[in-house]
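Beneath this line is the structure, given in structure tokens, with notes to follow.
The residues of the chain are indexed from 1 along the displayed sequence. Basis for what follows: all heavy atoms, side chains included, without hydrogens, waters or symmetry-related copies.
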Amino acid sequence: MDKIINTYEASAADGSKVTVYEVQDMDHAGTMLDPNRKQSGITRMQLSDGRPLKMLGDREFKIEGTDEVFLLDRPYAP
């Protein structure tokens, strides 16, 4: 199960705006005493439509498999 832990506004080269989600995997970590326990997993960045992003620099991301680059409007602090 995934959990959105933060959202960012970003700009494309043509000036259009997009929403970037910071998503964290929530892994099942249940035990007999606590069967519904979840544990925080790996975080990743993706667009609102689910396309994954790769970090290029401090505020710069690109859609994996393309040359489409986005610049976050505020710094990303993992």
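With sequence neighbours excluded, the residues that form a salt bridge (charged side-chain N to carboxylate O under 4.0 Å, His left out) with Arg51 are Asp49. Applying the side chain to side chain donor-acceptor pair (under 3.5 Å) test to Ser11 and every residue at least two apart in sequence or in another chain returns Lys17, Asp73. For Asp67, there are no side chain to side chain donor-acceptor pair (under 3.5 Å) partners, not counting sequence neighbours. Looking at residues two or more places apart in sequence or on another chain, you find no side chain to side chain donor-acceptor pair (under 3.5 Å) involving Thr66. Applying the side chain to side chain donor-acceptor pair (under 3.5 Å) rule to Glu9 yields the partners Thr19; only residues at least two apart in sequence or on another chain are considered. Considering only residues two or more places apart in sequence or on other chains, Ile4 meets the side-chain contact (heavy atoms from CB on, under 4.5 Å) condition with Thr7, Tyr21, Val23.
In this structure, Met45 CE and Lys54 NZ are separated by 15.0 Å, a value rounded to the nearest 0.5 Å. Going from atom CD of Gln24 over to atom CZ of Arg44 covers 10.0 Å, rounded to the nearest 0.5 Å. The CD1 atom of Ile63 sits 3.5 Å away from the CD atom of Glu68 when rounded to the nearest 0.5 Å.
In the hydrophobic clustering of ILVMFWY residues, with side-chain heavy atoms under 4.5 Å counting as a link, Leu47 and Val69 come out apart.
Judged purely by atom type and a 3.5 angstrom limit, Arg59 uses its side chain to pair as donor or acceptor with the backbone of Leu72.
Between Val20 and Phe61, the closest side-chain pair of non-hydrogen atoms is not below 4.5 Å.
Leu53 approaches Glu64 most closely through the heavy-atom pair O-OE2, 3.9 Å.
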